[in-house]
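Because only heavy atoms are used, hydrogens play no part in the values below, and waters and symmetry mates are left out as well, while side chains stay in. Here is the naming used below: chain letters follow the sequence lines, and residue numbers restart at 1 for every chain.
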There are 2 protein chains.
Amino acid sequence: MNREEKLTRIYEAALRVFARYGFRRTRVEDIADELGMTKGNLYLYVKDKRDLYEKAVSHGLLQWQAMVARSIEKIDDVCEQFLALCRKGYTYLSRDVSLRSVLINDPSIFPLSSREDQFAEINRASMDLLRSVLARGIREGRFREVDVDHLTELLYSIYVMFIIKTYVKSEGKSTQKMFEQGLDVVLQGLLKK
Amino acid sequence: MNREEKLTRIYEAALRVFARYGFRRTRVEDIADELGMTKGNLYLYVKDKRDLYEKAVSHGLLQWQAMVARSIEKIDDVCEQFLALCRKGYTYLSRDVSLRSVLINDPSIFPLSSREDQFAEINRASMDLLRSVLARGIREGRFREVDVDHLTELLYSIYVMFIIKTYVKSEGKSTQKMFEQGLDVVLQGLLKK
DNA sequence: GAAAAAATGAACATAATGTTCACTTCATCA
DNA sequence: TGATGAAGTGAACATTATGTTCATTTTTTC
């Protein structure tokens, strides 16, 4: 197992444990135990506990991002691609129990304002994916000539709000309906007549 | 609210918090917070953290015991009473989520050997209830003239084993079937022909 | 089998948390 | 109403738990 794979293994174990107990209540030894190693050894891979937490969460967020990117890359029709992007992104957390729990314990992970965003780089990349789909729609003459940057930011904010409503505040069913409604409206708003 | 009621309130809050985090990971301040008081104040009611834990668990066990006792006291037929005793006792934990969680985190609560039983007094009272039903069956000429003390101990051990299997090891469905089977056999074994 | 890399576990520093207690607030009753 | 005891507070303190380091050992690589 090379260093890359070891790091992945460590981050995933750490995320599981942080999900179980929350940041404060997990000891770095709990994570070492989960990995079958000693805590001293963990410090060859991360700077300190906080660093381990941030790397583990980052890893989780990147998995999320990669899964969405993969699932839309081969879609020809840009409208379908836009819908898939939104839906896959929105529903992902229903499957990733660890990341979901960590998020519930620590909602500050989410960028309320992009100023105080601990994971700014990852969010920027996610927004880039959204932006690229919007740009493509315009380039292909399917979407109206909107201001891509501002619309990206707006849609991303709405998307984050939905995720918080659904997974952090658990306003499940009715929120999902709202999401589909909103998605329909946005798509119609985007399309050229 | 008198002292008695306050103690009850404290024990129930403590049990909820211990259930959430386990003994080691709960701070006495967590419990104080749950009660809306300061931790200093808690020490007017308990000796230390371990004492609080034991009192909270004891309170939970006594609730269990009282519920079973109440539910069988008005049953005329001793066979029905015996069946109800076993069934109510066995199924109780499916409803008391806090006590169940605490038990899962700390199976030593249960008397593996009565030598090292932290809650010996409570278990003794539970056994007394069982013993009294057996004695009544014999007195009324419905049960065979078995050795009540030894049988009580045996049945109680089996009962505890079923509870551990069902709630601690979560071997749910098939264990419940086994329980009903076992109960049937035991009752038949008790009855005079 | 030498050199490098990875892992260990004990030692250490420090932060977290259990516990105490002088003091404040609240309730009771003359 | 104001004296008295009970209940509660919060800061201080002692101790434990836990994060972090590092000399040493074990494993891997070549």
Legend entry - Closest listed nucleotide, where the reference is the side chain of B/R24 and the choices are D/dT18, C/dG18, D/dT9: D/dT18

Inset, instruction - Could you work out which one of C/dT19, C/dT8, C/dA6 sits closest to the side chain of A/T38? - result: C/dT8

Inset, instruction - Any chance you could measure B/Y92, atom OH, to B/L61, atom CG, to the nearest 0.5 Å? - result: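 The distance works out to 9.0 Å.
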
Legend entry - Basic-acidic side-chain contact under 4.0 Å: A/E5, A/R9: no

Legend entry - 5′-ward residue of the pair A/K47/A/R25 relative to DNA chain D: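 Closest to the 5' end, via its nearest nucleotide, is A/R25.
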
Inset, instruction - Spell out, as yes or no, whether a donor-acceptor pair under 3.5 Å connects the side chain of B/R142 to the backbone of B/V78. - result: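 No, B/R142 side chain to B/V78 backbone: no donor-acceptor pair under 3.5 Å.
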
Legend entry - Below 4.0 Å: OP1/OP2 of C/dA6 and any side-chain N or O of A/Y45: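 No, outside the criterion.
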
Legend entry - C/dT8 OP1/OP2 closer than 4.0 Å to side-chain N/O of A/Y43: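 For C/dT8, neither OP1 nor OP2 has a side-chain N or O of A/Y43 closer than 4.0 Å.
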
Inset, instruction - Please say whether more than 12 non-hydrogen atoms of neighbouring residues, nucleotides or ligands are located less than 6.0 Å from CD in B/E4. - result: no

Could you check how far [atom1] of [X] sits from [atom2] of [N], rounded to whole Å?
{"X": "A/R3", "N": "C/dA6", "atom1": "CZ", "atom2": "P", "value": "7 Å"}
{"X": "A/L7", "N": "C/dA6", "atom1": "CG", "atom2": "C1'", "value": "13 Å"}
{"X": "A/D30", "N": "D/dA17", "atom1": "CG", "atom2": "C1'", "value": "12 Å"}
{"X": "A/K49", "N": "D/dG19", "atom1": "NZ", "atom2": "C1'", "value": "8 Å"}
{"X": "B/E29", "N": "C/dT19", "atom1": "CD", "atom2": "C1'", "value": "13 Å"}
{"X": "B/L52", "N": "C/dT19", "atom1": "CG", "atom2": "P", "value": "10 Å"}
{"X": "B/I31", "N": "C/dT17", "atom1": "CD1", "atom2": "C1'", "value": "12 Å"}
{"X": "B/L42", "N": "C/dT20", "atom1": "CG", "atom2": "C1'", "value": "14 Å"}

Inset, instruction - Assess whether salt bridge (charged side-chain N to carboxylate O under 4.0 Å, His left out) is satisfied between B/R16 and B/E12, documenting all intermediate values. - result: CA-CA 6 Å; B/R16 281 196 300 280; B/E12 289 176 356; 5.3 Å; no

Inset, instruction - Could you say whether A/L44 or B/V28 is positioned toward the 5' end of DNA chain C, judged by the nucleotide with the nearest heavy atom to each? - result: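 Result: A/L44.
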
Inset, instruction - Kindly indicate whether the side chain of A/K39 and the base of D/dG19 share any N or O donor-acceptor pair separated by less than 3.5 Å? - result: yes

